[in-house]
Amino acid sequence: MPEILVRNADVLVTMDGTRREIAGGDLLMRDGVIVAVGQGLTTSGMIVEARGCVVTPGLVNTHHHLYQTLTRVVPGGQDALLFGWLKTLYPIWARFGPEEMFVSARIGLAELALSGCTLTSDHLYLYPNGARLDDTIAAAQEVGLRFHPTRGAMSIGESAGGLPPDSLVEREAAILEDSIRVVDAFHDPREGAMVRVGLAPCSPFSVSRDLMREAAVLARDKGVMLHTHLAENDEDIAYSLAQFGCRPGQYAEDLGWTGPDVWHAHCVKLDGDEIGLFARSATGVAHCPCSNCRLGSGIAPVRAMRDAGVKVGLGVDGSASNDAGNLVAEARQALLLQRVARGADAMSAREALEIATLGGAKVLGRGDCGSLEPGKRADLAIWDMRGIEAAGAWDPVAALMLCGPTRVRDLFVEGRQVVRDGQMATLDLPRAIEQQNRLARRLAGL
Ligand SMILES: [Zn+2]
């Protein structure tokens with residue numbers, strides 16, 4: 001792969017140890033790796049002019065359900081709380097198959113790419129009609145994003161006191177067997193990996209305590225990460241107290257679900273003790289501010305988590321509860337939501353950008369991503385600040401969080417161009433959208 005020099009950025013935001021911002025910044029990449037950042041760099045390879053632009057590390061999305069791009073704004077679920085929302089959507093999701101998983105993931109991944117995301121996880125916890133994790137991995141390979149799919153699962157159906165219909169749950173032995181299959185087939189532990197698999201039983205209210213425990217044992221045996229939903233709203237806390245006789249933090253700790261190899265989505269309702277537990281154990285959090293607003297779940301105590309030293313990344317969450325998948329807009333929402341709770345100095349624009357980049361990389365265990373430094377992977381976003389959104393802005397880095405743009409000009413992942421001049425470089429996007437809409441109409445019975 002030839003060298004690529006990104007040249008003359010108005011500001012190059014490194015997110016390195018000193019949070020250096022380089023005016024007139026250049027970045028040189030070769031073979032998927034950053035080889036230099038600074039000023040006045042040269043190359044005999046390809047040159048990308050970045051005058052008028054801010055260059056940042058690629059944004060990192062730590063929680064998504066890509067398949068849900070096919071069920072955005074479903075009428076019965078638009079105004080419901082979490083449990084009611086799930087019950088509206090489960091029967092629709094039960095009609096998905098491999099094609100729906102592939103097409104919806106491709107749309108969700110492209111949407112993330114256009115909003116500056118270079119690395120995303122995905123939480124796929126239902127496998128109806130022959131759908132497999134493989135379908136979403138194929139989509140990520142086509143789009144070109146770095147991908148951390150998680151093998152999710154539900155095993156307690158309605159007849160056993162769980163929330164999902166019996167048709168969407170799997171036997172626990174089959175879940176563990178398929179988890180081993182996908183880890184062995186796709187997980188790459190090496191630096192620069194494009195695919196890393198995690199294990200992710202859906203939530204405490206849809207799997208058994210045994211499966212949670214066994215998944216943790218299996219994940220450690222295989223050296224992969226663990227992910228689930230935790231403490232999302234008041235109903236979730238009430239369920240935990242009623243069913244398990246303890247709060248979610250205690251439940252997680254008892255089952256081996258804390259540690260540097262674990263990250264939990266939402267954590268809106270964590271109390272002070274649970275925040276302390278997560279900080280001590282280096283357990284990560286995927287903060288999903290838009291979804292928390294959309295479902296009326298509450299405001300996650302991100303300020304308190306960060307102050308205690310908890311690793312926090314951002315998640316757009318599934319597109320049935322956001323229903324956008326724009327990661328840079330999510331960073332803005334994270335900033336605004338902390339300010340609603342804690343005042344105007346609760347989170348700065350630069351801290352929001354840090355959470356969206358370096359913070360997410362730490363949550364996903366990617367020491368090789370999240371900052372623009374020699375030796376790190378060449379994952380970067382180039383934002384054109386000359387458009388109307390930021391016209392008149394005095395501070396281009398803060399403008400990216402507080403004004404826009406909300407769409408990236410160029411995006412590189414592992415040194416490969418995924419977005420060029422605001423368009424997908426890896427994909428016929430209009431055609432992908434047409435396929436997606438056709439499937440959505442079919443699901444709606446139109
Ligand atoms: Zn979720």
Side-chain angles (χ1 to χ4, degrees), residues 60-74 77 80-90 92-93 96 101 104-105 108-109 111-112 117 120-127 133 136 147-154 162-164 168 198-207 212 215 225-237 239-240 248 252 257 262-270 284-300 302 312-327 330 333-334 337 360 363-364:
V60 178
N61 183 46
T62 58
H63 187 63
H64 208 324
H65 312 287
L66 290 165
Y67 75 91
Q68 292 179 7
T69 60
L70 270 172
T71 49
R72 302 192 212 240
V73 290
V74 169
L81 286 175
L82 177 64
F83 284 15
W85 170 86
L86 282 170
K87 286 188 162 175
T88 302
L89 291 165
Y90 282 143
I92 302 171
W93 296 337
F96 277 47
M101 292 303 178
S104 58
L109 290 161
E111 187 181 16
L112 283 172
C117 175
T120 184
S121 64
D122 185 44
H123 188 186
L124 182 57
Y125 52 81
L126 38 89
Y127 297 86
L133 196 66
T136 61
F147 194 40
H148 285 209
T150 59
R151 206 303 177 184
M154 300 194 291
L163 204 62
L168 272 182
L199 302 186
C202 184
S203 65
F205 51 82
S206 54
V207 302
M212 292 292 286
M225 292 186 73
L226 286 164
H227 180 49
T228 194
H229 294 100
L230 202 78
E232 181 164 349
N233 69 0
D234 289 329
E235 288 173 297
D236 201 347
I237 301 292
Y239 186 92
S240 184
W257 275 76
V262 183
W263 84 106
H264 293 288
H266 301 301
C267 299
V268 173
K269 297 292 175 180
L270 288 194
V285 169
H287 173 45
C288 307
C290 285
S291 173
N292 297 158
C293 290
R294 158 77 157 82
L295 292 172
S297 300
I299 302 173
V302 172
V312 180
L314 287 185
V316 297
D317 202 1
S319 305
S321 70
N322 184 331
D323 300 4
N326 187 308
L327 192 50
E330 199 72 31
Q333 187 72 16
L337 199 52
V363 166
L364 295 183

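Order of listing sets the numbers, starting from 1, for every ligand and every atom in it.
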| task | Return the set of residues passing side chain to side chain donor-acceptor pair (under 3.5 Å) with Ser104 (not counting sequence neighbours), or none when no residue passes. | result | none
| field | Sequence-distant partners of His123, side chain to side chain donor-acceptor pair (under 3.5 Å), two or more places apart | value | none
| said: Below 2.8 Å, which protein N, O or S atoms neighbour the Zn ion (ligand 1), ignoring water? | reply: His63 NE2, His65 NE2, His229 NE2, Asp317 OD1
| field | Asp323: salt bridge (Lys or Arg N to Asp or Glu O under 4.0 Å) partners, not counting sequence neighbours | value | Arg294
| task | Determine the minimum heavy-atom distance between Asp317 and His266, stating which atoms define it. | result | OD2-CE1, 3.1 Å
| query | Of all heavy-atom pairs between Glu330 and Ser291, which one has the smallest distance, and what is that distance? | reply | OE2-N, 4.4 Å
| remark: The side-chain contact (heavy atoms from CB on, under 4.5 Å) partner of Leu295 among Leu81, Asn322, Leu82 is Leu82
